[in-house]
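This report concerns only the one structure given below.
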Amino acid sequence: MGSEAAAARPVVVTVNGERYEAVGVDPSTTLLEFLRTRTPVRGPKLGCGEGGCGACVVVVSRYDAVADEVIEFSASSCLTLLGSLHHCAVTTSEGIGNSRDGFHAVQRRLSGFHASQCGFCTPGMCMSIYSALAKADRCSARPAPPPGFSKLTAAEAEKAVSGNLCRCTGYRPIVDACKSFAADVDLEDLGLNAFWKKGAYDERADVGKLPAYSGGAAVYTFPEFLKSEIRSSMGQANGGAPAVAVTGDGWFHPKSVEEFHRLFDSKLFDERSVKIVASNTGSGVYKDQDLHDKYINISQIPELSAINRRSKGVEIGAVVSISKAIEILSDGGAVFRKIADHLSKVASPFVRNTATIGGNIIMAQRLSFPSDIATVLLAAGSTVTIQVAAKRMCITLEEFLKQPPCDSRTLLVSISIPDWGSDDGITFESFRAAPRPLGNAVSYVNSAFLARSSVDGSSGSHLIEDVCLAFGAFGAKHAIRAREVEEFLKGKLVSAPVILEAVRLLKGVVSPAEGTTHPEYRVSLAVSYLFRFLSSLANGLDEPENANVPNGSCTDGTTNGSANSSPEKHSNVDSSDLPIKSRQEMVFSDEYKPVGKPIEKTGAELQASGEAVYVDDIPAPKDCLYGAFIYSTHPHAHIKDVNFRSSLASQKVITVITAKDIPTGGENVGSCFPMLGDEALFVDPVSEFAGQNIGVVIAETQKYAYMAAKQAVIEYGTENLQPPILTIEDAVQHNSYFQVPPFLAPTPIGDFNQAMSEADHKIIDGEVKLESQYYFYMETQTALAIPDEDNCITLYVSTQLPELTQNIVARCLGIPYHNVRIITRRVGGGFGGKAMKAMHVAAACAVAAFKLRRPVRMYLDRKTDMIMAGGRHPMKVKYSVGFKSNGKITGLHFDLGMNGGISPDCSPVLPVAIVGALKKYNWGALSFDIKVCKTNVSSKSAMRAPGDVQGSFIAEAIVEHIASELSVDTNAVRRKNLHDFESLKVFYGKSAGDPSTYSLVTIFDKLASSPEYQQRAAMVERFNAGNRWKKRGISCVPITYDVRLRPTPGKVSIMNDGSIAVEVGGVEIGQGLWTKVKQMTAFALGQLCDDGGESLIDKVRVIQADTLSMIQGGFTGGSTTSETSCEAVRKSCAALVERMKPIKEKAGTLPWKSLIAQASMASVKLTEHAYWTPDPTFTTYLNYGAAISEVEVDVLTGETTILRSDLVYDCGQSLNPAVDLGQVEGAFVQGIGFFTNEEYATNSDGLVINDGTWTYKIPTVDTIPKQLNVELINSARDHKRVLSSKASGEPPLLLASSVHCAMREAIRAARKEFAGAGGSPLTFQMDVPATMPIVKELCGLDVVERYLESFAAKA
């Protein structure tokens, strides 16, 4: 290229103040990859690779040498390319605080508010909060905050982590930690924490008790040496000949539009292998399908970053970030401010900070991206300036979107938005319906409307002079203007007949393309938004027939009711904008201290700083290789051949490991549930489900392995094979089932036929369906296999089943179990998903490492993980039930089919769990036929509360059906059918325990029979009477959960210095196992200490699970691992105490260290390994709880806001109330996801297609209850349980069905409202999950038309 390009120079960045030159780095390297492979940093994690989870958030700083100004912003390091960061400073969670230099206030407060469980997401949360604080404190216009606080507001604090995902905590404690920095927060409103005791008269909340924070004092600055380097390089550039800057191998940085086009004309590279980038956030949506060896970075072209404010409007350069555009528009007129508000709901803060306005528009034009920005700017009359070669033109955004997809030579220069601010007759509104209110979710439909109108004096309605109606994301190639509707409305006086005709015309315009999901729903949304807009311009149209009343039920007595029922003015404060509040009530006991104290989770600060080591954080061994699965996309086919298309990525393939590489004597086994059956590791030779492993691509880096796997071309054949069985219905038709062993089969109760003959009423044909749910642990499946001498191998695995994983790897390799060592320190979220499925990754790594004699590491990308994981069991239920006129049930029979997938896995265990949870009610007689279906889909496995959550919900669906048939309050039917202790014994046998431990009736009455509940229910009725377009529902649901105690090992070793090492069979997966074990160790050894053992807490270290050190470790699951591990440790400690008591009694008062020294001198054995087994007469016990949830449903969109949830859970004598509270809240919110929003979708071959953060939506901070109150009650003591404690990990998830039941009540109110106009029955089937499209469909897709028709008829 001659003088056109300067000599390449290495990319220079600083990381936490250290300078790095990126020499020999692949051009496609992301910042995250660089940080994790080329620096000691491990805080930023790979959670999704899409910018959709926040686990990788860092703070990036740029220095503007001309202005002598440093600009800081949070960014998603998994999308940010290293080549675009020359002379930038990067700060990670380790950089703001760590164990060596001291933790930052953000990290310490996250720990103290119990806001970290598995901890994998915590560094990203930490950086999002830190960035929000830094941004607020930089704002000079804000007043200085009081000491200890920041300039951040409580409302901003709630949104600071709006783009960060957490699967463990339920977000409430994270929000509290963040709000503790806000000067406008009442500290007394914050939840349980380690800084002051909630509710104690002598211990008030005080900022002085919080870890100190000095606002404005940045933790880091842009290094001075880097500033000097930048200034020096500028001087050199000014003195030399003009040339395109080049960094690294293959990065070009043109400084003008002309340079950009000269680059293309230079023929320096193949257009197919070059990528034009400004921020690269688009790769989160449209994944790179191959490596690129050349990049053109257009972000340094000054013209594209220009912002020009003129009297006619504002022109924004194409590479201006969305965050900067929001900032600019927020200072403008009403239209600009509304555009800014809409843009703030697009993506998440750390994506908006780097994503560009122009990039978003280009994706909409070229790739049919369902852009909100394009729609809103289209309605505002925007124009764009584009340049193709030497030709520059200015055209309307509408014209640009309609053009054929532009090529890579077409450069979008700027977007111009006219200023409508001075026109009083202008009305501008924008709307979006998405699974999450605060963004980070693509819209089902977005729309924006701009009208110029005048008020008609006689009618009070508006006369429309001109109007622009824009709609997008509904399933068209791009956003459109509804021209036909616009023309119809011009010159019209807005009235019901006019809106009705406009709506009818619109339905002909908004036409989703074939294959679009939920097409009828999307059309209905477009109609709703047009109606919402136009009705605001019509006088009297939207007045309710009944006077509106305020409702204070969600905010402890303060009202938040609607002003009227107009669709655009639902309430003074929109429910989705209500602040998050909470209350926690629990009883603390000193009886077994330090057991029972709400101490902080062990290692929480290390998790916040990013220093806690997960499997993928272990430094790569010498000569390490990396693997990625190639999987089948066909559900039943011969794999004839595997080839790789010609590409840059395919050149990175070292080898492919398949079934033929399993050693002689080894088995093709990937997982096995004891006594139930195996699942194959690799296809051999027939693929039995879409998503089955065909082989593992091996490459030099994980990135290369990911990309190479995408190049695989698989040749399938279906000759001589039966069609696949994919659904429950298919399995029933073909009689394809797994057998349930007799010892696992649940037992029927009573005579169903006799019971039905005694019934006054019968329901014969009831039905309900429940879909699957994906685990969405933040850390995907991962393993590192290191071959050792003498046919031995060590694996570091993220697993809940180290012992079974050891067995599988040994079987797979054909070697003795003692040759395989599995080590698991901590797991970044499990929920059952790191049980059976983790074995496949470990076994695949082991086979590859054994074959290649080199270490092999695998860390699954999120898509592959989701496709292979399996998840919760889908179920279909048909039931017949008999009942008396007073609601008393006489008998129930149900037929249940559940989709188990290709292998038994744990599926045969589920029937007893389903029936166990369903038995919470006295059904009189209970019979059932449960079929475990074998199908050609990925094996379904245990997921938090497997079977129990479905069984409990099925019971509620039946009870609600009965109440609807009898037209009585559902709670009356619930209460009528709760067990007394005698019937409890009949249904549960020995699990029922003693009468004093049966607390469910007391709990249910505490909630459902309380005056407050009756008042709230009445207020819901009044709210619904006064609001047409929003309806509320309230419901109270009880739960019963049967848990099983299992044998568990424990080992306690006291070192010569008095420090204590503890090993247990369980794995720390975020459930607080280590914390409870530490407390139990200190308590049990406390007999040897004068303070009862409290001083020993800090001397205890629980060490990682190691299958060669701790045998018979069992598995971590079923909610009882913590308590049984504690009991095993207590048994070990008891033996140690017995040995040392003589020394203690002889010496009298003696410091712990001296006591141990004397014991060591006396040759006392200071280690003890115990194996605890439960009493054969007490192997199970029941857990009880109940929850009230209140929701608000938007009848026009189907959006549900959870106003308030009150949970009461019987935790027994809690071993650690803070840990148990976290488990209750986290499980409940995970359950909310299952019941409302998590859509597990597959294609016609059974392949998962909702396979990432873009399409699969777990709860976020904006979808949790606006008020979440939790009470942990201490039920009667039971010495048979571990210090009278109870499980907390899984049972509370069942309480989330209260949200689904409340939604049903709200929908029922909506159907009742519109019954007069065609009507809907008040008895209806509502399946799981009840997503926005389902809710809207049940409310009525045509309610707007029916309302307008009835209104017109009355007129």
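Not measured: the values here are computed from a predicted model.
By the neighbour-count criterion of 12 heavy atoms within 6.0 Å, atom CG of Asp641 is densely surrounded, having more than that number from other residues, nucleotides or ligands. For Glu729, the CD atom sits in a packed shell: over 12 heavy atoms of surrounding residues, nucleotides or ligands are nearer than 6.0 Å. More than 12 non-hydrogen atoms from other residues, nucleotides or ligands lie less than 6.0 angstrom from CD1 of Ile654. Residue Lys934 qualifies as open at atom NZ: its count of foreign heavy atoms under 6.0 Å is 12 or below. Other residues, nucleotides and ligands contribute at most 12 non-hydrogen atoms within 6.0 Å of the NZ atom of Lys863.
For the residue pair Asn668 and Ala659, the shortest heavy atom distance occurs at ND2-CB, 4.3 Å. Considering all non-hydrogen atoms of both residues, Val827 and Thr824 come closest at CG2-CG2, 3.8 Å. Here the closest non-hydrogen pair linking Tyr706 and Leu860 is OH-C, 3.8 Å. The nearest pair of heavy atoms linking Ile823 to Gln1104 is CG2-NE2, 3.3 Å. Between Ile1069 and Cys118 the shortest heavy-atom distance is O-CB, 3.5 Å. The two residues Cys812 and Leu681 make their nearest non-hydrogen contact at SG-CD2, 3.8 Å.
Just one of Pro724, Ser687, Pro723 meets the side chain to side chain contact (heavy atoms under 4.5 Å, CB included) condition when paired with His636; it is Pro724.
For the atom pair CG of Asn899 and CD1 of Ile725, the computed distance is 10.5 Å after rounding to the nearest 0.5 Å. Interatomic distance, CD of Gln781 versus OH of Tyr775, reported as 9.0 Å (0.5 Å rounding). Separation of atoms CD (Glu700) and SG (Cys624) is listed at 9.5 Å; rounding is to 0.5 Å. Here the CG atom belonging to Asp290 is positioned 9.0 Å from the CG atom belonging to Asp293, to the nearest 0.5 angstrom.
Using a 4.0 Å cut-off between charged side-chain N and carboxylate O, Asp788 and Arg821 make no salt bridge. With salt bridges taken as basic N to acidic carboxylate O contacts below 4.0 Å, none links Asp288 and Lys710. One finds no salt bridge joining Glu1068 and Arg825 here, because no Lys/Arg side-chain nitrogen approaches an Asp/Glu carboxylate oxygen to under 4.0 Å. The pair Lys940-Glu679 fails the salt-bridge criterion, with no side-chain N (NZ, NE, NH1 or NH2) lying under 4.0 Å from an Asp/Glu carboxylate O. One finds a salt bridge joining Lys640 and Glu719 here, because a Lys/Arg side-chain nitrogen approaches an Asp/Glu carboxylate oxygen to under 4.0 Å. Ion pairing between a basic and an acidic side chain is recognised when a charged N comes within 4.0 Å of a carboxylate O; Arg36 and Asp616 show such pairing. Salt-bridge check for Asp678 with Arg811: passed, with a basic side-chain N closer than 4.0 Å to an acidic carboxylate O.
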| task | Give the C-alpha distance, both sets of side-chain angles, the deciding distance and a yes or no for ring pair (Phe, Tyr, Trp, His ring centres under 6.0 Å) between Tyr704 and Tyr626. | result | CA-CA 8 Å; Tyr704 288 166; Tyr626 297 79; 9.7 Å; no
| field | Trace of the side chain to side chain donor-acceptor pair (under 3.5 Å) decision for Ser941 with Asp905 | value | CA-CA 6 Å; Ser941 196; Asp905 200 285; 2.7 Å; yes
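For Phe629 and Tyr631, the distance between ring centers is not under 6.0 angstrom. Taking the six-membered ring wherever Trp is involved, the centroid distance between the rings of Phe831 and Tyr777 does not fall below 6.0 Å.
Counted by atom type alone, Gln711 and Ser650 present zero donor-acceptor pairs between their side chains at under 3.5 Å.
Using cut-offs of 30° and 60° on the angle between ring planes, the pair Tyr614 and Phe120 is perpendicular. The aromatic rings of His634 and Tyr716 sit tilted relative to each other, their planes meeting at an angle between 30° and 60°.
With sequence neighbours excluded, the residues satisfying side chain to side chain contact (heavy atoms under 4.5 Å, CB included) with Thr30 are Leu32, Glu33, Leu81. When the side chain to side chain contact (heavy atoms under 4.5 Å, CB included) test is applied to Ala690, the partners found at least two apart in sequence or on another chain are Leu1247. With sequence neighbours left out, the ring pair (Phe, Tyr, Trp, His ring centres under 6.0 Å) criterion links Phe34 to no other residue.
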